[in-house]
Amino acid sequence: MIARRQLLTAAAGFAVLAVAAPAAGQNNAPAKLKVLATFSILGDLVRNVGGDRVEVTTLVGPNSDAHVYAPAPADAKKVADAALVIMNGLGFEGWMDRLVKASGSKAPVLVATKGIKERKATDSQGHGGADPHAWQSVANAKVYVANIRDALIAADPAGKRAYEANATAYLGKLDALDQEVREAVSAIPADRRKVISTHDAFGYFQQAYGIEFIAPQGVSTEAEPSARDVARIITQVRKQKIPAVFLENITDARLMERIAQETGARIGGKLYSDALTGDLGDATSYIDLIRHNMKQLTVALAS
Ligand SMILES: [Zn+2]
């Protein structure tokens, strides 16, 4: 939970600093539009549309989970500092409304999923009914980009042409990415387009591209599975003829080997869902994240 008093203190402290700070644009470089994005994937989309006219700050960084994020006092300052705030919505950042209030920010808040056809979450893991992971469909990411473009133009009309040009170029890349994923999926035999996964984040991906993500039955996705859980998974994999398993919460290599040996299923690599990786990882951008996941699925599901 947020320590509200701490946030308020931080925001108040910032107000004093803001008065003392020199006015923006005193030097010759034009002041950049300060944009706050709630998490790393969204931050990447905003950077692609904003280009060098914007300075993007993110709250939930790479490799971090926005679902369980607890804002720090410094985050209220980041929000107060921004001329435009961009969030995912669909219940992804349950802590955000309170943080914006505590910051005292009057900046416009864009919900980047505006206009997206939302799907219901298949579980009740704090997603409040809607599945927030809309970016897992590239077509949805294009809606985010259009919303971001329009919000940047509204906040900084002088940059209209730049934002439009950046968005058009990036939308072209997303079209190519969407096509790439479709081609990769079509190369997988239709009866092999399913995996067991403990992630509940790929519903939009499944809907868009037709690879089925099946939750392991009766297995907690939180804890390290027991020997009995593994036996259940083995039964399920055999019964449903699932060609590959992506079970990142099984850290015991012997259990994974047992599943592979007894079912013949392949053990998939890491799939990224809610965050980019740091600079040295496999998913430093949204496009790389989708590409990485598709590669893992292709390798695991090829006949
Ligand atoms: Zn998630």
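Indexing begins at 1, ligand by ligand and atom by atom, following the structure's order.
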Taking backbone and side chain together, does D200 place any N/O/S atom at a distance below 2.8 Å from the Zn ion (ligand 1)?
no
Just checking F39 against Y69, ring centres under 6.0 Å apart?
no
So, D229 and R232, do they make that salt bridge, N to O below 4.0 Å?
yes
Taking R53 first and then E55, would you say they form a salt bridge - that is, a charged N and a carboxylate O separated by under 4.0 Å?
no
Fit a plane to each ring of F213 and F202, take the angle between them on a 0 to 90° scale, and name the class: parallel (under 30°), tilted (30 to 60°) or perpendicular (over 60°).
parallel
Hey, what's the angle at the Zn ion (ligand 1) spanning OD2 (D274) and NE2 (H133), nearest 10 degrees?
120°
Between the Zn ion (ligand 1) and H67, is there an N, O or S atom separated by less than 2.8 Å?
yes
